[in-house]
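Structure record follows, encoded as structure tokens.
Just so we're on the same page: letters track the sequence lines, and every chain starts at 1.
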2 protein chains.
Amino acid sequence: MAQKLTLKKIAQELKVSISTVSKALRDSHEISVETRTKIQEYAKQYNFKPNNIALSLKNQKTKKIGVIIPEIVHHFFATVISGVERVANEKGYQVIICLSGESFDKEVVNMDMLANGSIDGFVMSLSKETMERQDFHHLREVTNQGMPIVMFDRVADDIACDKIIIDDVEAANKATDFLLRKNRRNLGLISTPDYVNVGRLRTQGFKEALMKRGYEIDESAILKVEDIENCGDKIKDFLMTGNYDGLLAVNELFAVTASKALQGMGRKVPDDVAIVAFTDGMLSKYASPTLTTIGQKGEEMGGLAAAKLIQKLESDHQEDETYETVIVKTSLIERESTP
Amino acid sequence: MAQKLTLKKIAQELKVSISTVSKALRDSHEISVETRTKIQEYAKQYNFKPNNIALSLKNQKTKKIGVIIPEIVHHFFATVISGVERVANEKGYQVIICLSGESFDKEVVNMDMLANGSIDGFVMSLSKETMERQDFHHLREVTNQGMPIVMFDRVADDIACDKIIIDDVEAANKATDFLLRKNRRNLGLISTPDYVNVGRLRTQGFKEALMKRGYEIDESAILKVEDIENCGDKIKDFLMTGNYDGLLAVNELFAVTASKALQGMGRKVPDDVAIVAFTDGMLSKYASPTLTTIGQKGEEMGGLAAAKLIQKLESDHQEDETYETVIVKTSLIERESTP
DNA sequence: CAAAACACCGAAAACGTTTTCGTAGAATTA
DNA sequence: TAATTCTACGAAAACGTTTTCGGTGTTTTG
């Protein structure tokens, strides 16, 4: 139960001053070789490690970055965290994670807590509720204090900060085009409400691909699912009413739910209905049939976000008022759900 | 870009002392109502929030708990984090997450970093490499400093700390018995190497169930998969050589891989082969057929771990040298993979 | 041999809080 | 009116570092 060793205790023990100990441990030439080695050996023997909190207070930086995401049980967010953590650790940073649980209030509370000295900067993706309200005062408050934010995936367009996104419009466009090239003509889209920007953008890409080829857009062929947990019935109804031969889903959960519903209705995937999904996660790889997906590269996005943030943190703190939006290329991963 | 407000700045601005400001903000009766409200209003207007680092240094506690897990992209661990985070936030704590990536060295480095003042206590699950080496010096170092640890799932038996586990032996026992009751007689087990304690214990439970009924144990009916990423071929070979009518898998990934392999071989699940898996995650719910699983209740385990840790942290710090091992009950969730 | 240079170390400030203690003046008591 | 108690505030220490500055005593220089 030996209490934590401090400079002061070493100093007392060795009958020198605190400053001498500090300097000796940093190999300062101000201290004689004799004293230096004596102190260093003592420190090593008793495994001295400087207290992080004291260092943070002194240096006015914590070497920690805060991550705020809606949920961690979503595979995409988990991969992002993984990427953030990897890059952060490489550069000597640690990661503090808070979950908003898709709630605006929790997002605000968590940001407030972290912003008071706990971290040097944020990596975050907005909660659904925040997207719906379009209330970004908490983000502004933080940036006004000079604390950098890097947003990813679910971003606020009118906040000045770095952003890491995928080109949702383009990706949906390509995916839709892919289905059209497979001679599917009666396409359906399973999306989220428009206030979730990825839902809106992917819908836009879907429509653009159809328009580009001169097809008209049937709004009834677009389903917007609000409640992701209990999406089964809505999706089933949707599939019953339209006679689709191709489906685009904005996440793999919708896709696999649709796939199972279709098979339950006696329709074959991919022969009768081809399916493409966003989010290349576990489900896509292991569903039956496996799903053709658009890979979102969460790991890469997380890594980029962390790298960007740390670069900002360590740039000589002159107001580097240029903000970048990095668009991560997606890739279509073909599997069994498309012919 | 208004720099962060401090007590000192408020004091200067309002021409009082720092201590007066501090007391006023904590509503001390030592300060006249007049001065008090003046200071409080000023603080509110400019949104003063005390600096967490300074508080941590002063109070010698950070109100943060460190979580070290092997991977975050595994659904089980993600649910645990979710539970930890929920309980921690309820009690005013924040969560710092580090990933060991199943590496001993990274586990040690991360623990060392966190232990130097960054957090008040640990919630953790050991890396595979640590389990293999049985080297727990880093854990001892931490506990010797008086910093509490709560371990879950992959625990070190001979470290004195609180533990949250499921009764792996019992659960495997019950699952095996379940298969036997379904009149499956030729059972196979897909497990991990024995140094992963959950693998060892589940194997033990499997064997016990067989012995209890007087069946003899065929070691060739037990596959131990080392490399979880590329388990496909090994599992396929295993299924080719034995003519199993029932399978127990120690995680859902093995189970769904086996399920697909079997179907590829023309064997029907569950008619020809029934399958039960540990870990009730996404795959089990959405695979075809859906999998009967043993729910590990990660959320609950995480919540319990956090609660236990915080209780320890806030107990009057007298050496509360009693350690508890909580066994979380599992439940068998029947789905399509068993008849 | 006096002056300058140098080697070695300690005191103290700073980071932002909280808290204990001291103290001035005002109000109360005897 | 003198002694006492309050009221309202400030000074300073403490948490554990790093770093600047100053000050010894010894060695080198002219």
Regarding D:dG16, can its base be found pairing with the side chain of A:Lys9 as donor and acceptor, where the two atoms are less than 3.5 Å apart?
no
Is a donor-acceptor pair below 3.5 Å formed from side chain B:Thr20 to base D:dA8, judging by atom type as modelled?
no
Start with the C-alpha distance between A:Val21 and A:Val16, add both sets of side-chain angles, then the distance that settles side chain to side chain contact (heavy atoms under 4.5 Å, CB included), and finish with yes or no.
CA-CA 7 Å; A:Val21 179; A:Val16 290; 3.7 Å; yes
Distance test, side-chain N/O of A:Thr35 to OP1/OP2 of C:dC8, below 4.0 Å
no
Evaluate the side chain to side chain contact (heavy atoms under 4.5 Å, CB included) criterion for residues A:Val142 and A:His138: first the C-alpha distance (whole Å), next the side-chain angles of each, then the deciding distance (0.1 Å), finally the verdict.
CA-CA 6 Å; A:Val142 166; A:His138 51 310; 6.0 Å; no
Closer than 4.0 Å, any side-chain N/O of A:Arg26 to the OP1 or OP2 of D:dT19?
yes
Is B:Ser19 close enough to D:dC9 that one of its side-chain N or O atoms is under 4.0 Å from OP1 or OP2 there?
no
Sugar-phosphate, base or nothing in reach of B:Leu55, heavy atoms under 4.0 Å
sugar-phosphate
Describe, in one word, how the ring planes of B:Phe77 and B:His74 are oriented to each other, choosing from parallel (under 30°), tilted (30 to 60°) and perpendicular (over 60°).
parallel
If the cut-off is 4.0 Å, is A:Ser22 near the phosphate of D:dT18, judged by side-chain N/O to OP1 or OP2?
yes
Verdict with reasoning, B:Lys38 to B:Leu14, per side chain to side chain contact (heavy atoms under 4.5 Å, CB included):
CA-CA 9 Å; B:Lys38 184 178 66 178; B:Leu14 266 48; 4.3 Å; yes
Could you tell me whether the phosphate oxygens of C:dA14, OP1 or OP2, come under 4.0 Å of any side-chain nitrogen or oxygen in A:Gln60?
no
Distance-only donor-acceptor test (3.5 Å): side chain B:Lys58, base D:dG16
no
